Amino acid sequence: MRPDSGIRSLLADASGRAAEYLEGLDDRPVGPSESSVASLIQELRRPLPTEGAAPEDVLAFLDRYGSPATVASAGGRYFGFVTGGALPAALAANFLAGAWDQNSFSWVSSPAAAAFDEAALVWIKEALGIPASTEGALVTGATMAHFACLAAARNKVLSQAGWNCDADGLFGAPEITVVVGDEVHSSLLKVLSMLGLGRNRVMRLPTDDQGGAMAADLPTVIGPAIICLQAGNVNSGAFDDAGPIIDWARSVGAWVHVDGAFGLWALASKDLAWRATGFLKADSWAFDAHKWLNVPYDSGVALVTDRDALAGAMSQTGAYLLPSGARDPLNFTPDSSRRARGVEIWAALKSLGREGVGELIDRNCRQARALASGLTELRAEVLNEVVLNQVVVAFGDQQTTERVVARLQANGTCWCGGTVWRGRPAMRISVSSWATTEADIEQTLRAIEREYSSASSGSLALN
Ligand SMILES: *Cc1c(COP(=O)(O)O)cnc(C)c1O
């Protein structure tokens with residue numbers, strides 16, 4: 001590209017606007033105003049223009065209508081779902097990798113991207129203490145990580161029963177028993193359906209009062225079987241009782257898969273690792289980088305101890321795809337052409353270091369405990385044991401709780417979502433961002449105090 005192409009001023013404009021946006025997050029409402037969303041939608045409903053616009057005008061449009069309509073989830077007071085921000089190094093890596101525009105499906109299409117892919121996987125395994133021989137794939141999120149892991153699991157347990165699922169599919173195959181905890185995440189059930197294993201034909205293990213699957217009433221399992229465990233309940237953060245359940249799974253010859261979307265990162269913390277070490281004996285793990293590692297979307301990780309099982313389920317050959325002798329990511333991922341998300345993961349881990357990852361996890365967990373004790377002081381009812389970064393809280397009766405959630409979202413100081421926890425309407429708080437400070441926690445508690453007191457005084461009006 002020639003120096004006079006205008007690219008330099010365009011990208012400087014983009015990075016200036018991005019910095020302006022991020023620096024403004026602290027002072028704007030966390031949820032977007034209805035009017036900003038409405039005006040964006042109105043602008044987006046225009047027909048495709050006949051003639052193109054200048055890039056700087058496109059960018060100006062995005063910033064004018066897009067930026068105000070965004071949810072400020074990159075800031076420090078967004079506690080909805082399980083949502084990380086983007087670490088500065090990871091965001092900057094995303095900018096630069098965008099310019100590189102590498103197709104990271106193979107070594108030949110991009111040796112650099114393939115090398116970052118592999119390096120990111122190596123460091124992730126080091127950070128979590130997962131054996132180096134484990135194979136993996138960088139995918140769009142935990143959902144697709146489930147898909148890669150469970151495709152490998154399905155084919156492997158069927159091959160042990162003498163059936164080639166890869167070649168012959170599921171028609172006529174021996175039945176696979178799939179066992180999940182009663183509080184399995186909905187994404188895993190979706191993946192079971194995508195893999196022809198069915199959402200509903202699962203056996204469910206009972207869960208304790210925190211939502212962790214118990215090693216009680218373990219069923220009799222004969223033949224091919226896959227056991228799915230969870231490290232980090234999406235509401236409470238609870239862990240399944242992995243140790244004894246995996247021992248049982250081994251005794252029946254089952255494949256053990258772990259949904260550790262955010263909770264598996266406990267392994268990176270010196271203080272919290274003990275809660276998750278039981279899961280290290282599994283065969284596969286699916287988890288996110290875009291949640292607790294704080295890289296941009298979309299970024300998830302699949303790890304599988306049996307390299308051949310993952311490669312057998314995911315490999316792809318074609319006349320123009322000559323084997324390079326190097327590691328080609330597409331032989332381990334569901335997709336082929338793909339962006340170089342390994343660059344951001346590598347950048348995040350490089351900027352944090354091993355200790356920094358643990359400190360990020362510990363800090364968010366400490367902040368969650370501080371919120372829980374502050375809420376208890378406000379006479380709200382914390383419903384879960386705060387073992388990780390998740391707090392589930394009720395404010396008196398159902399109506400008051402729902403009112404506090406609605407008022408708090410309208411207040412804009414922070415954003416927390418509603419849930420139903422063991423039959424009871426509640427508010428959930430997930431502290432998962434590098435950007436959250438102690439001051440954010442204090443500000444959040446003051447906002448909750450104010451809205452709780454207005455909601456209990458019977459005032460229905462939102463301000
Ligand atoms: C978020 C989450 C998922 C799904 O992850 P995606 O990245 O959205 O695909 C699965 N399991 C648990 C426990 C989660 O929290």
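Treat the numbers as computed from the prediction; the structure is a model and nothing was measured. Whatever order the structure lists them in is the order used to number ligands and atoms, beginning at 1. If you read the sequence from its start, that first residue is 1, and numbering goes on from there.
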Test: Asp283 and Arg250 ion pair at under 4.0 Å
yes

Does at least one non-hydrogen atom of Gly232 fall below 4.0 angstrom from an atom of ligand 1?
yes

For atom 11 (N) of ligand 1, what is the nearest protein heavy atom, given as residue, atom name and distance?
Asp259 OD2, 2.7 Å

Based purely on interatomic distance, does Lys291 place a nitrogen or oxygen under 3.5 Å from a nitrogen or oxygen of ligand 1?
yes

Sub-4.0 Å atoms of ligand 1 with respect to non-hydrogen atoms of Val234:
15 (O)

Which atoms of ligand 1 sit under 4.0 Å from any heavy atom of Ala261?
2 (C), 3 (C), 10 (C), 11 (N), 12 (C), 13 (C), 14 (C), 15 (O)

If we number the atoms of ligand 1 from 1 as shown, the ones under 4.0 Å from a heavy atom of Gly141 are 7 (O), 9 (O)

Location of contacts on Ala142 toward ligand 1, heavy atoms closer than 4.0 Å:
both

Would you find a donor on one side and an acceptor on the other, under 3.5 Å apart, between the side chain of Ser432 and the backbone of Lys291?
no

Glu344/Arg339 ion pair, N-O < 4.0 Å
yes

Using a 4.0 Å cut-off to any heavy atom of Phe262, which atoms of ligand 1 qualify?
15 (O)

For the residue pair Tyr78 and Trp415, categorise the inter-ring angle as parallel (less than 30°), tilted (30 to 60°) or perpendicular (more than 60°).
parallel

My understanding is that we take every heavy atom of each candidate and find the minimum distance to atom 4 (C) of ligand 1. Doing that for Ser187, Gly260, Ser299, which one comes out nearest?
Ser187

Between Ser36 and Arg28, is any side-chain donor less than 3.5 angstrom from a side-chain acceptor?
no

Is there a polar contact, in the sense of an N or O pair closer than 3.5 Å, between Thr143 and ligand 1?
yes

Less than 4.0 Å is my threshold; does some heavy atom of His290 fall inside it relative to ligand 1?
yes

Please check this pair: side chain of Arg424 against backbone of Asp397, looking for a donor-acceptor N/O pair closer than 3.5 Å.
no

Would you mind telling me which of Asp117, Asp101, Asp328, Asp298 makes a salt bridge (Lys or Arg N to Asp or Glu O under 4.0 Å) with Arg338?
Asp117

Of all the non-hydrogen atoms in the protein, which one sits nearest to atom 7 (O) of ligand 1, and at what distance?
Asp288 OD1, 2.7 Å

Look at the rings of Trp123 and Trp346 and say which category their plane angle falls in: under 30° parallel, 30 to 60° tilted, over 60° perpendicular.
parallel

